[in-house]
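Beneath this line is the structure, given in structure tokens, with notes to follow.
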Amino acid sequence: MPSFSNILRVNSRFQRVVVQQAYQKRGFSSSVQCKVSFQQRHFLTLKDFSSEEVKSLLWVAADLKYRFKDRNERYTPLAGRSAGLIFEKRSTRTRVSTETGVALLGGHPCFLSPSDIHLGVNESSKDTAKVLSGFVDIVLARVYRHNNLEVLASEGSIPVVNGLSELYHPLQALADFLTLRDHFKSLKGLTLAWVGDGNNIIHSLMMTAPKLGVNIRCATPKGYECDPTVYSDAVGLAEQHGTTMYCTTDPMDACKDADVLVTDTWISMGQEEEKNERLRAFQGYQITKKMAAVASPDWCFLHCLPRKPEEVDDEVFYSRQSLVWQEAENRKWTVMVS
């Protein structure tokens, strides 16, 4: 991956001394070293990344946040490079975080809306991959079908980043765990309770949490469970890393003694026709202070936004336990290492 590999190569002395001190200050272990290589690798799912690699991604994301926010540095390892941003689905956070993040690193973001590029319609995904490989250094694509990402990755000659698909949203998972690391200082041993739809967000959290020592309890209504293959993979990761992975239909059960309460939209783009059916199915899944009362005393709340009131009430969403604004900002710092 051009961005991350450049960040790891440039100014190695700074990495060894100043950055290490910064991470110790921010609660990161000084034993975390940037020895892994991400050059020319795709970022389609965090399933493909080891525990050490995920920690390195978070390590460098925090590095960039420290450099730009705390030290007001100018750091442009992507000068002369460009990123193609394919958006089949609209987005505030993904678009703004990516465009500003690439620009801060010295690169040029090129936004491609559905009217500019319609994968598999105006031109095949295979042909699009080959054309863009001659124009830009990296592609971030926010798509409806995960298969389109796989085609872009297999047919092109440049790295492809998943900006969201129906199966995974790895950039959001990275931002979530960076937020929790900032808040709790240590991730190992935390328990995360998911209350809502078995969608791409929880899929990505499941592919990441065990590698960071985080337990997951997932509450979904019947018929809205996680993808069975993803869940099977997650159980295997939990066994490998000594964490727990537990699914239920009872939100109170999932939230009991949890450190983190997380939810997301119940009605994603493309599911509008299911709205009434979904609202009925998710009755009792709104996160409230009553639900939080059974959680750990120092619980916090996450939501990737945009939020609807039926998903979480105002008392929780605007409470001091809510980390949603920090979480949104961290999308910028984590996309910069992708």
Side-chain angles (χ1 to χ4, degrees), residues 58 93 169 171-210 212-222 224-226 231 234 238 243-268 278-279 281-331 334:
L58 294 176
R93 279 147 296 279
H169 196 354
L171 292 176
Q172 185 61 55
L174 282 183
D176 290 353
F177 285 113
L178 181 60
T179 304
L180 296 177
R181 195 63 155 89
D182 286 345
H183 182 71
F184 288 106
K185 305 306 178 188
S186 176
L187 294 173
K188 189 173 183 179
L190 292 179
T191 295
L192 183 152
W194 174 267
V195 179
D197 192 15
N199 63 12
N200 49 11
I201 304 292
I202 182 58
H203 288 169
S204 287
L205 293 174
M206 284 180 164
M207 293 297 99
T208 316
L212 298 171
V214 177
N215 307 302
I216 285 187
R217 295 180 190 157
C218 179
T220 58
K222 289 182 179 179
Y224 297 91
E225 298 88 352
C226 295
Y231 181 65
T243 65
T244 59
M245 188 73 56
Y246 173 70
C247 284
T248 179
T249 58
D250 183 352
M252 297 295 282
D253 184 21
C255 292
K256 184 173 174 54
D257 299 323
D259 302 288
V260 189
L261 308 183
V262 194
T263 192
D264 182 28
T265 182
W266 299 343
I267 306 160
S268 298
R278 281 179 167 267
L279 289 177
F282 283 86
Q283 286 183 14
Y285 279 77
Q286 183 193 47
I287 293 184
T288 64
K289 277 293 181 73
K290 180 179 179 181
M291 199 175 289
V294 303
S296 171
D298 60 346
W299 64 274
C300 67
F301 172 76
L302 296 178
H303 191 302
C304 68
L305 306 180
R307 161 259 187 178
K308 302 293 190 300
E310 62 265 19
E311 299 149 7
V312 53
D313 67 11
D314 286 354
E315 192 176 10
V316 170
F317 186 73
Y318 292 109
S319 69
R320 63 181 181 82
Q321 289 91 353
S322 177
L323 304 180
V324 296
W325 314 121
Q326 301 95 311
E327 179 187 12
E329 181 195 334
N330 280 335
R331 284 295 309 278
T334 50

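Here the structure is a predicted model, which means the values were calculated and not measured. Hydrogens, waters and symmetry mates play no part in the numbers below; they use all other heavy atoms, side chains included.
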What verdict does the side-chain contact (heavy atoms from CB on, under 4.5 Å) test give for L180 and L302, after you've listed the backbone C-alpha separation in whole Å, the side-chain angles of each residue and the deciding distance to 0.1 Å? CA-CA 9 Å; L180 296 177; L302 296 178; 3.9 Å; yes

Tell me every residue that passes ring pair (Phe, Tyr, Trp, His ring centres under 6.0 Å) with Y224, counting only those two or more places apart in sequence or in another chain.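 Here the qualifying residues are F282.
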
Contact check, side chains of V262 and F301, non-hydrogen atoms, under 4.5 Å: no

Which atom of [X] lies closest to which atom of [Y], heavy atoms considered:
| X | Y | result |
| --- | --- | --- |
| D176 | L205 | OD2-CD2, 3.8 Å |
| R217 | A254 | CD-O, 3.3 Å |
| H169 | S204 | N-OG, 2.8 Å |
| C300 | H183 | CB-NE2, 4.2 Å |
| A219 | Y285 | O-CE2, 3.6 Å |
| T288 | V316 | C-CG2, 3.5 Å |

[X]: partners by side chain to side chain contact (heavy atoms under 4.5 Å, CB included), with sequence neighbours left out:
| X | value |
| --- | --- |
| A175 | Q172, N330, R331, T334 |
| A258 | T191, A193, L261 |
| Q321 | K289, W299, S319 |

Which pairs pass ring pair (Phe, Tyr, Trp, His ring centres under 6.0 Å) with one or both residues in residues 305-326, sequence neighbours excluded?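 Residue pairs with at least one partner in residues 305-326: F317-W325.
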
With sequence neighbours excluded, residues passing side-chain hydrogen bond (donor to acceptor under 3.5 Å, both in side chains) with [X]:
| X | answer |
| --- | --- |
| T244 | N215 |
| Q326 | none |
| R278 | D197, E274 |

Which pairs with one or both residues in residues 245-258 pass side chain to side chain donor-acceptor pair (under 3.5 Å), sequence neighbours excluded?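 Residue pairs passing side chain to side chain donor-acceptor pair (under 3.5 Å), neighbours aside: Y246-D253.
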
Apply the test side-chain contact (heavy atoms from CB on, under 4.5 Å) to residues L305 and R93: give CA-CA distance (whole Å), side-chain angles for both, the deciding distance (0.1 Å), then the verdict. CA-CA 8 Å; L305 306 180; R93 279 147 296 279; 3.6 Å; yes

Stepwise side-chain contact (heavy atoms from CB on, under 4.5 Å) check, M206 with C247: CA-CA 11 Å; M206 284 180 164; C247 284; 4.2 Å; yes

Got a second to check how far [X]'s [atom1] is from [Y]'s [atom2], nearest 0.5 Å?
| X | Y | atom1 | atom2 | answer |
| --- | --- | --- | --- | --- |
| N199 | I267 | CG | CD1 | 12.5 Å |
| Q283 | L279 | CD | CG | 8.0 Å |
| M291 | D313 | CE | CG | 9.5 Å |
| T263 | H303 | OG1 | NE2 | 5.5 Å |
| L58 | T208 | CG | OG1 | 8.5 Å |
| Y231 | E225 | OH | CD | 11.0 Å |

Residue pairs fulfilling salt bridge (charged side-chain N to carboxylate O under 4.0 Å, His left out) with at least one residue in residues 292-312, sequence neighbours excluded: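 Counting only pairs at least two positions apart or across chains, the salt bridge (charged side-chain N to carboxylate O under 4.0 Å, His left out) contacts touching residues 292-312 are R307-D314.
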
Under the rule for salt bridge (charged side-chain N to carboxylate O under 4.0 Å, His left out), what residues qualify as partners of D264, not counting sequence neighbours? none

